[in-house]
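Small disclaimer: the values here were computed from a predicted structure and weren't measured. FYI, side chains are in, hydrogens and waters are out, and symmetry mates aren't considered; it's all heavy atoms of this structure.
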Amino acid sequence: MTSLPWLAALPWLAAAWLFAIGVYGVVTSRHYVHLIGCLSVCQSSTYMLLLGVGFRRGAGPPIFYDHPPGTPAVDPVMQALVLTDIVVGAAVTALLLVIALQVHKRCGLVDPQRLRPLRGPK
Amino acid sequence: MNGRWRLALLALAALLLAPLIWSVASALPPFGAPEAAYGPAVNALLPGARNVSNMVAAVNFDVRGIDTLGEESMLLCAVVGAVVLLRGRRGEDRGDRAGRVPGRPIVERDDATILACRIAALLVLLFGAYVALHGTVTPGGGFQGGAIAASGLLLVYPGEDYSCWRALVPGTVLTVIEGAGALIFVLAAALPLAGGHAALANILPLGTWKDLYSGGVMVVVNFAVALAVVGGFGLLLIEFMEETRAPEEDPVPDEEDR
Amino acid sequence: MTGPETLLPLVVLAPLGMAALLATIAHWLPSRMADVLAILTALGIMLLCGWLAGQATGGPIVHWFGGWTPDAAHRPGVILGIAFVADPASAALAAFCALLFAASFLFAWGYFDEVHSHFHILMLLFLAAMEGFCLTHDLFNLFVWFELMSVAAFALTAYPLGQSSLEGAFSFTVTNSFASFMMLMGIGLLYAGTGTLDFTAIGQAMARHGPDPVILGGFCLIAAALLTKAAILPFHFWLSDAHAVAPTPVSVIFSGVMVGLGLFALTKLGGQSFGAGEGAMAPVRALLLWLGVATAVVGGLMTWGQRHLKRLLAFSTVSHLGIMLLAVSALKPLGAAALLLYLVGQGLVKAALFMVAGILLALRASADEIALYREGRGLWPAGVVMILGGLILGGLPIGLLHGGGHLIHAAVPSRVAEGAIILSTALTGAAVLRAGLRIFPGWSGVPGVERGAPTEREHEKADRPLWLMVLPGALLLVLVLAPSSAAFPFLAAAAPRLLDPWAAGIATLPEEGGTLASGATFAATLALVAMSLLRRRPTGRLARLAAWGERLPFRALEAAHSGVVSDYVTWMTAGLALLAVAAASWR
């Protein structure tokens, strides 16, 4: 492990990379649904960071059904936070998809770079 | 801003952030050796304190229960918002005819599909109920079980035709189920206050470890969450499916016509 | 448990319960019942929070959920549970939120008819989230209420279903989702670095370790998220799009209090978790000062260049948020007191002004000040509210907003900041006055730079009498005209307790008096209004050249606020990089 110190930081770098490509996807997106997918990628990076923070090497899941309480287990608080995070992500994605659907019904366009909220003066 | 300027600014920001991300990543505790004391304390205390074996459920429904209440309200909020936005001018009534996409054939349902879906939907609904009820014992809980049961609801659709599906999955019932789930959770949080305890305190008998009833109030809260998730996702499915129906008249209003 | 401690969770549980109840029985509820229940809930919460604020001046009211007090775990130093801690400032701000909601519900009476009380469900959840946001003492709980606020806001913004509403809601949702991702990553980093999620415990851990990269990184991410919610340059682009297209009762809440909560949370976290002036916030304070100056000036200029009333008011909110950030950057009790007073004053005036815009949309089918020239003739009560509101925004030397501005000038002694405050206050007040004078009495010169601003034809439903629509705005304006010295005793006790709930002292607040700054502000406002009244069409070559030169900076700023969400996200990333570089340069 000590001969490759960056390995210990790999999960954090992977999370940062996921976030970065998600942002890149959003900035260059030409379709609303693609943009929403890129937002999901950014969300996954937060899951990765949180779960990685809670992981303990050699420990089992924090469910003491088959193993007695006291066996080494990973951090349950981080897992609970990620569960909340997933529900949040589902809620926001649902709303975004609804908005994208309504925009499509309204004017048939789905390119975020071609639409403007307020028009120029009439 | 031009696309190229955008990418240039993004590249500049990434260049500035990269060394800082690297320094944060190398300063974090190494992967697999966390230093936080919160998690191990929960693992050590909760099995004895609440007679449960699922620590994640214990954190979600007991130690950090108010977070879960906020999260469930968020689900309620998103579903109500989606319903409002999708119904819009369309109104609540059911379109019975399928929407037509020109050039796409309408395929008749096969008997094998119908049989498979009916069996699969029942099994999935049962499995969802199982996962939800055993939340405090094995991996699972209200959220997971509710989501599974909601997908079971959708599985009914390939097996029946649309009006039959809408009759089996009634919108009003799902609304009541969703609201009732949220209401039960709020009551479970508020009622202990009347007895002088803290909000969301575990005032029910704690049950036996590894038993279906273990964890006291956690069982009630778990059930409430399962109800809310099933109702919420079911409503979302109905509203999205209504979008595929042919509208009676064009529901897209003019800008000036609000 | 004492009475206040038992009642504290009800502040959040009551609106949540009422929303759940409405969701269950919505189908069978008689038509006006939802309005009545919502107003009663909001008023009840307001009274409860006001009472709690009074009770909290002796010491904070603490409630640990589930009974998980710090000693229940039998592990010294490990905090398992989530607490609500009501210091006087948080409880007072929670009461203010409920007040604005009650006013908004009154204004929205009969506004949203077709859907079975869904508007009220969304608004009650919004209210519950704001109350939780003000009162919580746990970082992830803060995130949960932050998200609930955001989700309710997204749904409410898209409500009118017009094309601009949907696109405004989309860019609002995407930018604020990025804010929540950043907040989550910040929470992950802070948990990894300190092992706890409780505000005070994080502060203690930070005092022990000193700010290492992990904690600084977590702080930058959380600060970026809160600055996005508070619409600070360069995170501010979503605000004008969202507030301009949301239905008026919702815009009242957005500009009135939702955006101010971001700065409130930043102050609270800065004081309780990040070591106030000496800790993690120290390297960033200078950057926050400059961001505040930039936001105030850019917001002020954009306000002056608008013709669509709601967009004008939205940019004036951005400008005022920049001024409030100057108070936050000071991070002393004086700065906290200044922030609170200015927040409340600004919120009251902005809410009243948005209601006037809503009245014009309902009764005159437009929100464009040039198209509404002289159309306000029959609506003089609304005109009084608008002109008075404009005068107050522009620095009229009476009332809460003026008191707040005076405190900010005292808390931030920098010359540049003073100049920025004077300039932006004058620009925003003069813009509102210009619009009001044009619409109601019909006094105006030729339209200047605002002629080229984006606008839209729209209207809102009007099925309630004029007096009912004007009443909440008028009441709010009466409140803001109260002398600020009446609030000083409460502020002096509340401000130090915002930065540390168990503090014992009382801040000293400078006496209010006529200063050069306040006189200069009001004079500048009147000068700008006079300039717009006396403007004539440029006929000579020199005059036309001058007019073209005047338009240039406004055109450039308007082009930057393009409405394209990809631009907004790029600016946000650049802002995060700025924050990170500022934090890293501290060594």
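Once rounded to the nearest 0.5 Å, the distance linking OG1 of C/T570 with CZ of B/R6 reads 6.0 Å. Taking CG from B/L16 and CG from C/L579, the interatomic distance works out to 12.0 Å, rounded to the nearest 0.5 Å. Taking CG of C/D567 as the start and CG of B/L9 as the end, the distance is 9.5 Å to the nearest 0.5 Å. Considering CD1 of C/I25 and OG1 of B/T175, their distance stands at 13.0 Å, rounded to 0.5 Å. Atom CG of B/D67 and atom CG of C/D138 lie 6.0 Å apart (nearest 0.5 Å). Rounded to the nearest 0.5 Å, atoms CG (B/L69) and CG (C/L148) are 9.5 Å apart.
Within the 4.5 angstrom heavy-atom criterion, only side-chain atoms of B/L20, from C-beta onward, approach chain C. Looking at B/L45, only its side chain comes within 4.5 Å of chain C, counting heavy atoms on both sides. Residue C/L80 touches chain B through both its backbone and its side chain, counting heavy-atom pairs closer than 4.5 Å. Heavy atoms closer than 4.5 Å to chain B are found in both the backbone and the side chain of C/V151. Residue B/L174 does not touch chain C at all, counting heavy-atom pairs closer than 4.5 Å. At a 4.5 Å heavy-atom cutoff, the contact between B/P29 and chain C is made by side-chain atoms alone.
Contact check for B/E178 versus C/T24: no side-chain heavy atoms found under the 4.5 Å cut-off. B/L200 is not listed as a side-chain neighbour of C/W68, based on a closest heavy-atom distance of 4.5 Å or more. Counting only heavy atoms from C-beta outward, the side chains of B/L193 and C/H63 approach each other to under 4.5 Å.
When the candidates C/L578, C/I82, C/L197 are compared by the number of heavy-atom contacts under 4.5 Å with chain B, C/I82 comes out ahead. Top candidate by heavy-atom pairs under 4.5 Å with chain C, chosen from B/C77, B/G196, B/G39, is B/C77. If you tally non-hydrogen atom pairs under 4.5 Å between each of B/A41, B/A182, B/A180, B/A190 and chain C, the highest count goes to B/A41. When each of C/T196, C/I79, C/L166 is checked for heavy-atom pairs under 4.5 Å with chain B, C/I79 comes out on top. Between chain B and the residues C/A580, C/A205, C/G66, C/A23, the largest count of heavy-atom pairs under 4.5 Å involves C/G66. Interface check for chain B: of the options C/A158, C/S150, C/G81, the most heavy-atom pairs under 4.5 Å are formed by C/A158. Among the candidates B/L17, B/V42, B/V217, the residue making the largest number of heavy-atom pairs closer than 4.5 Å to chain C is B/L17. Counting heavy-atom pairs closer than 4.5 Å to chain C, the top-ranked of the candidates B/D62, B/I21, B/L187, B/N202 is B/D62. The greatest number of non-hydrogen atom pairs below 4.5 Å with chain C, out of B/V24, B/I203, B/I66, is found for B/I66.
The shortest heavy-atom contact between C/G17 and B/L183 is O-CD1, 3.6 Å. Across every non-hydrogen atom of B/A37 and C/V78, the tightest pair is CB-CG2, 4.0 Å. The heavy-atom pair separating B/G81 from C/L122 by the smallest distance is N-CD2, 4.1 Å. When all heavy atoms are compared, the tightest approach of B/S23 to C/P213 is O-CB, 4.1 Å. Shortest non-hydrogen contact noted between B/L28 and C/A192 is CD2-CB, 3.5 Å. Shown here for C/W64 and B/A198, the closest heavy-atom pair between the two residues is O-CB, 3.3 Å.
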I'd like to know whether C/W28 forms a side-chain contact (heavy atoms from CB on, under 4.5 Å) with B/V176, so could you lay out the CA-CA distance, the side-chain angles of the two residues, the decisive distance to 0.1 Å, and finally the verdict. CA-CA 11 Å; C/W28 302 281; B/V176 172; 3.6 Å; yes
Kindly indicate, with the supporting measurements, whether the criterion side-chain contact (heavy atoms from CB on, under 4.5 Å) is fulfilled by C/E147 and B/E71. CA-CA 9 Å; C/E147 251 335 274; B/E71 172 197 349; over 6 Å; no
